[in-house]
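Down below is the structure, laid out as structure tokens.
Values below: every heavy atom of this structure, side chains too, minus hydrogens, waters and symmetry copies.
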Amino acid sequence: QVQLVESGGGLVQPGGSLRLSCAASGFSLDGVAIGWFRQSPGKDREWVSCISGDDGSTIYLPSVKGRFIISRSTTGDTAYLQMNSLKPEDTAVYYCAATPDPLTVGQRMSVRRYDYWGHGTQVTVSS
């Protein structure tokens, strides 16, 4: 059974850091596209970052570029989102997603292109 489980969320003050983890079971994250998305109350799910399955290239939402870093473990069972210099507007439920399909850069930003999803982890940035 394919499963993704996020962890690492919590309450942090503005300017602080968190590292989110996405643990995979039932399949390997090695060679698959991995995306991180977030959703705030009343808003659509928003793409944040992704790492490609073929060459490991990464792209970021402009508002998080330079602050967030996406990566995957060498063992292929965990993906990460390191979040630094957090802002109140980063507050949301964060989801990881994965697909074995090769995606174009544009497709990697689309919710519909991912086959597997975790249940999310809450990140709250507040003083």
**Prompt:** With a 4.5 Å heavy-atom cut-off, do Val123 and Thr91 have their side chains touching?
**Reply:** no

**Message:** Side chains of Tyr60 and Ile70, heavy atoms from C-beta outward: is any pair under 4.5 Å?
**Reply:** yes

Keeping the roles fixed (side chain from [X], backbone from [Y]), state whether a donor-acceptor pair exists under 3.5 Å.
X      : Y      : result
Ser21  : Ala79  : no
Trp47  : Ser49  : yes
Tyr95  : Thr121 : no
Ser110 : Gln107 : no

**Request:** Please list, chain by chain and in numerical order, all residues satisfying disulfide (SG to SG under 2.5 Å) with Cys96, sequence neighbours excluded.
**Result:**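 Cys96 satisfies disulfide (SG to SG under 2.5 Å) with Cys22 once adjacent residues are dropped.
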
**Request:** Indicate whether any N or O donor in one side chain lies under 3.5 Å from an N or O acceptor in the other, for Ser73 and Thr75.
**Result:** yes

**Prompt:** Between Ser57 and Ser52, does any side-chain donor sit less than 3.5 Å from a side-chain acceptor?
**Reply:**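 The criterion, which ignores hydrogens and geometry beyond distance, is satisfied for Ser52 and Ser57.
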
**Request:** Could you walk me through whether Arg19 and Tyr80 pass side-chain hydrogen bond (donor to acceptor under 3.5 Å, both in side chains), step by step?
**Result:** CA-CA 7 Å; Arg19 189 176 80 155; Tyr80 304 98; 4.5 Å; no

**Request:** Please name all residues satisfying side-chain contact (heavy atoms from CB on, under 4.5 Å) with Pro100, sequence neighbours left out, ordered by chain then number.
**Result:**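 Partners of Pro100 by the side-chain contact (heavy atoms from CB on, under 4.5 Å) criterion, ordered by chain and then number, come out as Val32, Asp115, Tyr116.
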
**Request:** For atom CG of Asp54, decide whether the heavy atoms of other residues, nucleotides or ligands shown that lie under 6.0 angstrom number more than 12.
**Result:** yes

I'd like a table of donor-acceptor pairs (distance under 3.5 Å, sequence neighbours excluded) in which one partner is a side-chain atom from residues 61-69, with atom names and distances.
{"unit_1": "Arg67", "atom_1": "NE", "unit_2": "Ser63", "atom_2": "O", "d": "3.3"}
{"unit_1": "Arg67", "atom_1": "NH1", "unit_2": "Ser85", "atom_2": "O", "d": "2.9"}
{"unit_1": "Arg67", "atom_1": "NH1", "unit_2": "Asp90", "atom_2": "OD2", "d": "2.8"}
{"unit_1": "Arg67", "atom_1": "NH2", "unit_2": "Ser63", "atom_2": "O", "d": "2.9"}
{"unit_1": "Arg67", "atom_1": "NH2", "unit_2": "Asp90", "atom_2": "OD1", "d": "3.1"}
{"unit_1": "Arg67", "atom_1": "NH2", "unit_2": "Asp90", "atom_2": "OD2", "d": "3.4"}

**Asked** Under 6.0 Å from the six-membered ring centre of Trp117 and within 45° of its axis: does the NZ or CZ of Arg45 meet both?
**Response**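 So Arg45 does make the cation-pi contact.
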
